[in-house]
Amino acid sequence: EPPLLRLSVLQFGTAHWELDHLQRHGLDRDEGFVLDVRLVANLPASRIAVSSGDVDGAVVDLTWAQARHVAGHSYRYLPYSSQMGDVLAAPGAPIHDIEDLRGKRIGVAGGPDSKGWVLLTRAAQARGMALEREAQVQFGAPPLLSQAFRRGQFDVLVTFWHFAAELTAAGEADVALPMDSLLASLDIPTGLPILGYVFHDDWADDHQALVAGFVRAVASTKRQLRDDPDHWEALRPLMRVSDDAHFTALRQGYLQGIPEPLDEARVAALQRLLVMAGSAAEEVMPARLFVLDPGGVP
Amino acid sequence: MPEFVKSEFVVPAGHAILAPMSLKVAPGDHICLLGPSGIGKTTLLNRLTGLERGQPRPTLRIGYLFQEHRLLPWRTLRDNLRLVGVGRDQVEPLLARVGLEQAADRYPDQLSLGMARRAALARCLAMRPDLLLLDEPFASLDPHRADELKRLIRTLLKQFPAMAMICVTHEARDAEALANRIWYLAGRPAHLRYDARLDAETHAGLARRLDALGRQASGESLSIES
Amino acid sequence: MPEFVKSEFVVPAGHAILAPMSLKVAPGDHICLLGPSGIGKTTLLNRLTGLERGQPRPTLRIGYLFQEHRLLPWRTLRDNLRLVGVGRDQVEPLLARVGLEQAADRYPDQLSLGMARRAALARCLAMRPDLLLLDEPFASLDPHRADELKRLIRTLLKQFPAMAMICVTHEARDAEALANRIWYLAGRPAHLRYDARLDAETHAGLARRLDALGRQASGESLSIES
Amino acid sequence: MRRSALACWVVLPLLVGLWGVLAWQLDTSLLPSPAAVLNTLQREAASGELQRHLAVTLQRVALSFLLAMAFGTLIGIAMGRLVWLDALLDPLLVLLLNLPALVLIILLYVWFGLVEAAAILAVVINKVPNVAVTLREGARSLDPRLEQMARAYGFSPLMRLRHVWLPQLFPYLMAATRGGLALIWKIVLVVELLGRSDGVGFQLHLAFQVFDVAGLLAYSLAFIAIVQLIELGLLQPLERRATRWRRTGVEHA
Amino acid sequence: MRRSALACWVVLPLLVGLWGVLAWQLDTSLLPSPAAVLNTLQREAASGELQRHLAVTLQRVALSFLLAMAFGTLIGIAMGRLVWLDALLDPLLVLLLNLPALVLIILLYVWFGLVEAAAILAVVINKVPNVAVTLREGARSLDPRLEQMARAYGFSPLMRLRHVWLPQLFPYLMAATRGGLALIWKIVLVVELLGRSDGVGFQLHLAFQVFDVAGLLAYSLAFIAIVQLIELGLLQPLERRATRWRRTGVEHA
Ligand SMILES: Nc1ncnc2c1ncn2[C@@H]1O[C@H](COP(=O)(O)OP(=O)(O)OP(=O)(O)O)[C@@H](O)[C@H]1O
Ligand SMILES: Nc1ncnc2c1ncn2[C@@H]1O[C@H](COP(=O)(O)OP(=O)(O)OP(=O)(O)O)[C@@H](O)[C@H]1O
Ligand SMILES: [Mg+2]
Ligand SMILES: [Mg+2]
């Protein structure tokens, strides 16, 4: 009887696509375990699930793993995606540079510590701007913000990538400031995995083979999804897309987000990112918590 | 002064408890209303006051002493009186007239039932009504207190000769002391079996007459349709 | 049969309304309790029933007719009686004895006040109590109905000779009809100013005696400390 | 009968009509037409999803409701009658009453794991103080005259509860029931959102994620329809029966 | 006085003590010790954040509370007294009562934009039916005897409201107030969570994002402390005053 691996992911989240493919093609059994996916309706639910031990792992963002680490609960971190979200503006709007954000109405999905926003403010800081004071910032739930943006209640929208994909695919928004350029301006490499699968550190120690198997299975999944677009047709029902453009945008967004293999230098960069996001340097997650080299999604 | 010179009160056909009737009450009428328990005396007073469902408020000023005192339990006697328009310095003198000189700041629940009924009497007398309705004003009172109140009411009636009064009672004595007209309610539906003015002559035989009426009424089987 | 042979009831010193006293009630005592309005008669009955704050329930079976009827307004008369243990087929005969033969399925609010008080009387008689407490059982009743009920109570007292009764009233007539012992409550704090057995001789002068007591009591200034 | 008939056959259709006109006028996906919502409902019903999620949620609501009403009523009555207990528990009541559902749910889930019991417990703890606060007011305003009567006539505690207290507490119980059903259902939604993989709350949130307003309304209305049925089929008849005495009294006033 | 003193000086310290022992025993970041929470409170207070967010939330709560109580009381009394109005509005009441806060908030935010007015409106609409349901029960059980008295003595509508109805509705108002304050605060939290950039709800959300239980408790307790102050300083004295007549009656019973 192969061991069971219980993971909690969002019903409509991108991780669900990945795990669905993985299960469908029996990649879990190939690696000697059985995957059990627990679907939830929102991110907090995933976090609660993994904290309470209801599941072995979940997809969370790096800052959460860091916060738990500081609180004494360390998690093993396996890169999942490097999508940081996008900074959008209405098509044709004259917003091409951070300076253009002055005095604008900015909607920010999540809250003050969502990654896109943190990067944006740090980049602005580097230019001598205090964005949170020089623009009118409104935080809120991503679907509500998308809606408000459509109705012209914001000039700029900083939102999660799949919400951004929906807007851009429908031609309702354009990417105003590419994340890559923001990262570059802060001297941080692109493609850092800011989302990851996490497992309790102790649990991961006790289940090294299982984790390793999962790492391999995920890697093959990512490879298959990247290399063969036909696989995506099977995922289409999960993606809840309105049209082909949206479908394509989501697929591309996912592929873009496949993180580059994690090595020591990139771990250091991740740690720097954490410090930049406000963690004390001495409390940053140590390198051993990061699962290096997913073994071949080059 | 009162707008009702010979006010007429009508009970329509189809009333659940009272027979159709039309009652004329003139200023200065001091009526004692008698009748067996449960016949419809209170119902009649409510009807006259316009309290039945769908009735308009009559234009008369009415002072009604309900059979239960119906003081507001969450207001002191003082506030209960002030609410019906008794002036600030009138409260205590008014209460003194019903023997409650020191109870002004008590709540109704802090009184004995007889005291609460006296306070309610004070309230309805304070109204200076055109029509004074008293539903058993002397129940729960000792004879001396009752006599005192009868005197009080008589004084008031004399002072305001245009005032009319209808007083429900079971006692021939009360009728003798207060009334110049007697109503006797009986039957089912209830109708006025007896309506007569009292003069010196009828006064003398009143007790016997009422006794006879009562005997007759209690002889009838009081059937209650449910 | 009753556990109280010469039951003794004590009012301790420091009671707000009653003077300290110790009352002995023997089986077969039929006491009429008189006194001015607001003196403390109801308070005394409540005390005897163990209803005052901090009092234990007495071990006697007590049937208490409150001054207000205190029927449960959300239960029909039938249910109100069934609740104190009246048997299924006893309800209607019992109500018939107080002239409410057809009101069994009515709610108290559908009755006149006099009818409700009669129903409450039926309820307390139904208890077959060791001690029967009646707080003005004949108020709000016409004289014929009142006489009928007096007869009913007398029959009952005869039928159960061990039963004791205390009946609050303001009428010498009631005392004459029911009592073999008289209590007169007066003063502030209230104490028993008069406690006497009635025999043929005292019976005759009772009305006058009570009148004198009443005169005296109402002469005293009834000061109410607030 | 007339009252509920009026509600069923006049007011509700009117409401739907109004909504239809509004939706037709505005013509936006943000206010879907009644037909669109009905459509969603049918689709969800045909797939069996609606029934499944509704059944799960209803079970949770029913269980939590019964528990919360039972404990809340008990605590409320006890606090209303016993001054010392009131003094003792009042700060706790204020605390629990005002502890955000979210915080409580998170704490319970994290401490006890994502188990059904934690979900139910969270709802019950959230609702009990509400019931208790209402019933406490009821217990405080019980008529002392009838207390005396019950005491004098030696009513047993059970008789007293059933025949003396219950009818007086009835309006408070109804208020707690109506408000309670609604509150519990709302908390169950949050509970399902945060830690369950089924139930209406889960579905609502999914609909929210993709901004499917028709889906939001479909699931909400399905539940509301059930409450409306409970209201018409259970609460109102119960109310009519329990307050008959009151109406007969006035009839003649 | 004795009652609130007992609550303040005995029960609350006891509660905190219990919590401290529990936290010390468990020793997990998921149940921070009272000291840790106090620490967080002090830190937030020193930075002025606590005051700012608390003030914003309190403003929203106060405004919504006043509006909801006013409308709810009016509607509740009207529905309790007028049978036709009750029949007319009852389905609407059931609808609004059971419309999930989440759905309503989303709809209003979507229709009116992420503006303060939409937030307040969402809270008010959520709370009004609750108040109305409670007050309706109160209005239904008004004593018809006193109605007759007021009618016979020609009380003006205002006098009737103030002297006859209000004292009878008082327990219902208190229940609605206590439950209402709590409910409103909970809804404000959701409103803030979904579409505001300040307020305690927003802060709780942030704390929740990183599972900062100390932060969650600190902000929750700060608000609860304020409600406790309102309870001790306003509601209980008010209650004592308004029910004095009731206690004097029993005193001697
Ligand atoms: N709850 C109370 N608080 C304070 N005083 C009270 C209370 N109840 C009664 N009293 C006072 O106690 C005294 C006696 O009241 P009680 O009801 O015993 O009189 P009573 O003799 O029965 O009078 P009545 O013939 O009018 O019924 C009264 O002066 C009354 O003011
Ligand atoms: N709300 C009601 N519903 C139905 N019947 C009622 C209602 N109120 C009173 N009745 C009936 O009306 C009749 C008359 O009642 P009413 O109170 O007028 O009598 P009454 O003459 O005042 O009696 P009492 O001397 O006992 O006060 C009674 O038979 C009573 O049963
Ligand atoms: Mg009458
Ligand atoms: Mg008395």
Side-chain angles (χ1 to χ4, degrees), chain B residues 17 34-43 66-69 76 98-106 110-118 135-136 138-149 168-172 186 207 210-211 213-219 221-226, chain C residues 17 34-43 66-69 76 98-106 110-118 135-136 138-149 168-172 186 207 210-211 213-219 221-226:
Chain B
I17 288 151
L34 294 95
S37 163
I39 202 66
K41 303 181 293 298
T42 301
T43 308
F66 292 91
Q67 203 166 1
E68 302 137 311
H69 58 76
T76 58
V98 296
L100 294 171
E101 39 279 334
Q102 271 152 330
D105 292 311
R106 293 214 180 178
Q110 291 177 289
L111 304 175
S112 83
L113 205 68
M115 292 161 81
R117 305 201 80 245
R118 280 184 271 155
D135 204 345
E136 308 202 20
F138 314 119
S140 274
L141 295 181
D142 56 293
H144 292 276
R145 183 63 72 187
D147 286 343
E148 224 174 276
L149 292 182
V168 175
T169 180
H170 292 296
E171 304 270 348
L210 288 177
D211 194 47
L213 278 166
R215 227 174 274 282
Q216 181 189 356
S218 72
S221 87
L222 255 178
S223 75
I224 301 172
E225 60 280 30
S226 61
Chain C
I17 288 150
L34 294 95
S37 161
I39 201 68
K41 302 182 293 298
T42 302
T43 307
F66 291 91
Q67 203 167 0
E68 302 136 312
H69 59 74
T76 58
V98 295
L100 293 172
E101 39 278 334
Q102 271 151 331
D105 292 312
R106 294 214 178 180
Q110 291 177 290
L111 305 176
S112 81
L113 205 69
M115 292 162 78
R117 306 200 80 243
R118 278 184 272 154
D135 204 344
E136 308 202 21
F138 314 118
S140 276
L141 296 179
D142 55 294
H144 292 276
R145 183 63 72 188
D147 286 343
E148 223 175 276
L149 292 182
V168 174
T169 180
H170 292 297
E171 304 269 348
L210 288 177
D211 193 46
L213 279 166
R215 226 176 275 282
Q216 179 190 358
S218 70
S221 84
L222 254 179
S223 75
I224 302 171
E225 60 280 27
S226 58

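By convention in this document, chain letters (A, B, ...) are assigned in the order of the sequence lines, proteins followed by strands, and residues within each chain are numbered from 1.
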(message) Shorter than 4.5 Å, heavy atoms on both sides: which option in B/Ser140, B/Ala104, B/Gly114 has the most such pairs with chain C?
(response) B/Ser140
(request) Mind checking the CD-NE2 spacing from B/Gln216 to C/His144? Nearest 0.5 Å is all I need. (result) 10.5 Å
(request) For chain C, find which of B/Leu141, B/Asp211, B/Asp142 contributes the most heavy-atom pairs closer than 4.5 angstrom. (result) B/Asp142
(message) C/Thr42: which residues meet the side chain to side chain donor-acceptor pair (under 3.5 Å) condition with it, sequence neighbours left out?
(response) C/Gln67, C/Asp135
(request) Would you mind checking which part of C/Glu148 comes under 4.5 Å of any heavy atom in chain B, side chain (CB onward), backbone (N, CA, C, O), both or neither? (result) neither
(message) Give me the atom names and distance for the closest heavy-atom approach of B/Met115 to C/Gly38.
(response) SD-CA, 3.6 Å
